[in-house]
Amino acid sequence: MPVIAIANQKGGVGKTTTAVNLGASLAAAEKRTLVVDLDPQGNASSGLLPAELRNTARSSLYGVLFDGAPLASAVVRSPDIAFLDVVPTSEHLLGGEVEMASLPGREQRLREALLPIRDLYDFVLLDCPPALGLYTLGALVAADSVLVPVQAEFFALEGLSQLMENLELVRTLNPSLRIEGALITMFDGRLSLAQSVAAEVRGYLGERTFATVIPRNVRLAEAPSFERPVLAYDARSVGARSYLSLAVELMQRYGMNAPVSEERKGRAAG
Ligand code: ATP
Ligand code: MG
């Protein structure tokens with residue numbers, strides 16, 4: 001089971017949108033998927049779970065990371081999509097990074113918490129905050145690979161090369177961390193800038209750039225206000241289809257052949 005961290009220290013590049021909608025798309029292909037929201041902003045939690053469900057687990061993610069509660073006790077089932085589980089963030093994580101700095105084994109806590117549940121899932125996605133703080137570090141130590149959303153805009157490559165340097169440092173703690181790939185997000189094909197950025201990212205990361213490109217699509221931006229992934233909001237939108245192709249591309253990389261049928265998409269959308 002791959003654990004994939006979705007990380008980029010740059011803010012607003014589509015990390016959470018990717019965690020939410022790739023997670024939902026993998027689940028729609030009947031892959032048992034867990035999304036862990038490591039960002040105290042809680043956007044993945046609110047994009048996947050209605051408010052009344054967010055605090056229904058026996059433990060919080062804070063309890064898992066700081067008090068050693070089992071991760072399984074912090075899991076909430078998605079009400080919209082079968083095969084999809086969520087560990088919502090907890091408000092206590094805000095400010096917790098300072099507290100965490102003095103904890104023994106701080107970078108290893110998430111990795112250890114994930115060990116007992118590895119067999120229960122086909123994919124685990126870790127949504128990271130926009131900083132290289134202790135939560136992101138914990139995710140990169142826990143992960144097998146890192147998926148880097150890159151917004152097709154001017155300073156994209158600068159952020160990307162900074163991240164790659166930081167990953168070298170992380171490898172001292174997690175030598176087997178792989179780069180799953182860069183994912184071009186919010187792409188607008190009408191802009192030549194977007195096209196040249198996409199080409200530059202491909203030039204920089206080569207085959208590790210996903211062939212799937214996520215277009216700018218208003219449905220992707222609207223779905224979170226309905227507390228649902230786009231598949232459960234507008235399964236026929238370009239945004240929903242692009243994340244389904246990303247899921248297929250990812251499954252193929254892992255030798256899983258599970259094309260997403262129209263019928264399944266329909267069922268996922270309820
Ligand atoms: P942060 O760094 O704050 O965690 P992020 O990297 O997780 O941000 P998102 O929250 O996924 O980024 O996206 C930033 C904003 O852009 C959100 O309002 C989201 O709805 C919107 N957005 C993301 N992807 C797309 C897209 N493909 N098309 C249109 N809007 C998008
Ligand atoms: Mg986010």
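In what follows, every heavy atom counts, from backbone to side chain, and hydrogens, waters and symmetry copies are set aside. Each ligand, and each atom within it, is numbered from 1 in the order the structure gives.
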Which part of [X] is near ligand 1, with near meaning a heavy atom under 4.0 Å away: side chain, backbone, both or neither?
| X | result |
| --- | --- |
| Asp39 | side chain |
| Pro149 | neither |
| Ile214 | side chain |

How far is [atom] from its nearest protein heavy atom, and which residue and atom name does that atom have?
| atom | answer |
| --- | --- |
| atom 20 (O) of ligand 1 | Ala221 CA, 3.4 Å |
| atom 5 (P) of ligand 1 | Lys15 N, 3.5 Å |
| atom 12 (O) of ligand 1 | Gly14 N, 3.0 Å |

Does a salt bridge link [X] with [Y], judged by any charged N lying under 4.0 Å from a carboxylate O?
| X | Y | value |
| --- | --- | --- |
| Arg109 | Glu107 | no |
| Glu222 | Arg219 | yes |
| Glu158 | Lys10 | no |
| Arg106 | Glu97 | no |
| Asp188 | Arg216 | no |
| Arg228 | Asp234 | no |

Consider ligand 1: state whether an atom of it lies below 4.0 angstrom from any non-hydrogen atom of [X].
| X | value |
| --- | --- |
| Thr185 | no |
| Gly12 | yes |
| Ala19 | no |

Side-chain heavy-atom pair Asp39, Cys128 within 4.5 angstrom cut-off | no

Can you find a heavy atom in the side chain of Phe123 that is under 4.5 Å from one in the side chain of Leu250?
-> yes

Assess Thr16: does it contribute an N, O or S atom lying under 2.8 Å from the Mg ion (ligand 2)?
->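 It does; at least one qualifying atom falls short of 2.8 Å.
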
Taking only heavy atoms of Pro215, which atoms of ligand 1 are found under 4.0 Å from at least one of them?
-> 26 (C), 27 (N), 28 (N)

Under 4.0 Å from any heavy atom of Gly11, which atoms of ligand 1 are there?
->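 Atoms satisfying the 4.0 Å criterion: 2 (O).
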
Is there any N or O on Thr17 that sits under 3.5 Å from an N or O of ligand 1?
->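 So ligand 1 has an N or O lying under 3.5 Å from an N or O of Thr17.
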
Looking at ligand 1, does any of its N/O atoms fall within less than 3.5 Å of an N/O of Arg216?
-> no

For atom 28 (N) of ligand 1, which of Leu220, Thr18, Val230, Asn217 has the closest heavy atom?
->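 Among Leu220, Thr18, Val230, Asn217, the closest heavy atom to atom 28 (N) of ligand 1 belongs to Asn217.
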
Gap between atom CZ of Arg77 and atom CG of Leu48 - 0.5 Å precision = 14.5 Å

